[in-house]
Amino acid sequence: MKRSSIKKIAVLTGGGDCPGLNSAIRSVVQCCTLEHGIQVVGIPDGFKGLLENKFETLDLLNTTGIFSRGGTMLGSSNVDTPFSVPVTKGGKKVYEDRSDEVMEHLARERIDAMIVIGGDGTQAIAHGMAKKGLKVVGIPKTIDNDLNGTELTIGFHTAVTTAVDAIDKLHTTAESHHRVLVVEVMGRNAGWIALFAGLGGDADVILIPEIPYELEKVAASLNDLYHTHKRYSIVVVAEGAKPVGGDVTVNRIIEDSPEKVRLGGVGNQVAMQLEKLAGREARAINLGHLLRGGAPEGFDRILASRFGAAAVRAVMDGSFDTMVSYRNDIVELVPLETGAGKNRYINPESQFLRTARERGIHFGDT
Ligand code: F6P
């Protein structure tokens, strides 16, 4: 094995939490301790903790039992970046670049390298820090599965299973009352969760951001269904879905967050309009943060194990400014730039999309 000068690494989780983060932390700690004999420290609350110069030792003892637990033992933040820190000066809010300061915190703590577990926003910060000389490797996570450069992110599979379980339960009420049930799922501007949840939950309609919808067409397909073989319907809507010529439904704006817009509410709109257009009783439910909760399922635990081990390997090999990535069942390294602030959307030629259309699932466009 190549000799490495790495003695101590830091790990943080940034962005929205998801199932599988603790599994990745545990994997990193095990590989560092048992395979390479190096120290690990955790940074609490993502880049917020780094700004506040906070570090906590991670070892085999204090990470025992976390592997199967949801959330992140380190805490996370999806609003903090060292490149733009809000401060009040002369009664006015201004934003300061404090990235030099966090580099000093890392040097003082004698951190040789960092593993950053996050989505596109977190990887963009990590890449920015790499440009300042930080030795960093990224691990992709997000329930949205929308990170460029990897076919899968930690958390996605569990979120899909949670959504499918919920949809299964909604079938019965929809069927008993002959209703249209509209299920909104997270995913930002990508339709991965909606597409997979709809496929797995036997939905009749899936509305995704990649395919702007026309509700008149959706209503016609639901009525067609009603008069032929099915007197209830399940419509899965991605929070980022929008009508042809229209825009997304914004839930709130968070001024200090690098990504300011939080989506939400489209499910209600779709249900109200479908009730009028189809003349059938409709209800909406937003699964929201439920999708980020719970224990990681087996697949996510294994993915997190592989990503954690591959990230530690990359650190020990000196392959920095990279991100571990999943492609065709192989975990490999891609330049960190590939995932930094960049997203991956559903391709119109996607086999998943094709399968859904062949099963008669409507996307609001035909
Ligand atoms: O990126 C994960 C995610 O859950 C998105 O699906 C959702 O749009 C967003 O985070 C919600 O963010 P918050 O927890 O700040 O409301």
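All ligand and atom numbering here is 1-based and tracks the order in the structure. Note that the numbering runs from 1 along the sequence shown for the chain.
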Determine whether [X] and [Y] fall in the same hydrophobic cluster, where Ile, Leu, Val, Met, Phe, Trp and Tyr are linked whenever their side-chain heavy atoms lie under 4.5 Å apart.
| X | Y | value |
| --- | --- | --- |
| V136 | I25 | no |
| L225 | L277 | no |
| L170 | V185 | yes |

**Asked** Just distances here: any N/O of I254 and N/O of ligand 1 closer than 3.5 Å?
**Response**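 I254 vs ligand 1: no N/O contact under 3.5 Å.
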**Request:** Mark the output for R252 as yes if a heavy-atom distance to ligand 1 is under 4.0 Å, and as no if none is.
**Result:**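 No; R252 lies far enough from ligand 1 that no heavy-atom distance drops under 4.0 Å.
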**Prompt:** Is the shortest distance from a heavy atom of L263 to ligand 1 less than 4.0 Å?
**Reply:**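 Heavy atoms of L263 never come under 4.0 Å of ligand 1.
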**Message:** Strictly distance-based, threshold 3.5 Å: is any side-chain N or O of S77 a donor or acceptor partner for the main-chain N or O of G46?
**Reply:**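 Between the backbone of G46 and the side chain of S77 there is no qualifying donor-acceptor contact (under 3.5 Å).
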How far is [atom] from its nearest protein heavy atom, and which residue and atom name does that atom have?
| atom | result |
| --- | --- |
| atom 9 (C) of ligand 1 | R292 NH1, 3.9 Å |
| atom 15 (O) of ligand 1 | R262 NE, 2.6 Å |
| atom 14 (O) of ligand 1 | H289 NE2, 2.9 Å |
| atom 6 (O) of ligand 1 | D144 OD1, 2.7 Å |

**Item:** From T122, T322, D321, T338, residue fulfilling side-chain hydrogen bond (donor to acceptor under 3.5 Å, both in side chains) relative to H127
**Value:**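 Of T122, T322, D321, T338, side-chain hydrogen bond (donor to acceptor under 3.5 Å, both in side chains) with H127 is met by D321 alone.
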**Item:** Check: K135 and V315 side chains under 4.5 Å, non-hydrogen atoms
**Value:**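 Result no, sub-4.5 Å side-chain heavy-atom pair not found.
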**Request:** Of the side chain and backbone of N78, name the one, both, or neither that has a heavy atom under 4.0 Å from an atom of ligand 1.
**Result:**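 Only the side chain of N78 comes within reach of ligand 1.
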Would you mind listing which atoms of ligand 1 come within a distance below 4.0 Å of any non-hydrogen atom of [X]?
| X | answer |
| --- | --- |
| G187 | 6 (O) |
| R188 | 5 (C), 6 (O), 8 (O) |
| E239 | 5 (C), 6 (O), 7 (C), 8 (O) |

**Request:** May I ask you to say whether K93 pairs ionically with E255, meaning some side-chain N is under 4.0 Å from a carboxylate O?
**Result:**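 A salt bridge is absent here (no side-chain N lies under 4.0 Å from a carboxylate O).
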**Request:** Using the side-chain hydrogen bond (donor to acceptor under 3.5 Å, both in side chains) rule, take D204 and Y232 through it: C-alpha gap first, then chi angles, then the decisive distance, then the call.
**Result:** CA-CA 9 Å; D204 305 297; Y232 75 96; over 6 Å; no
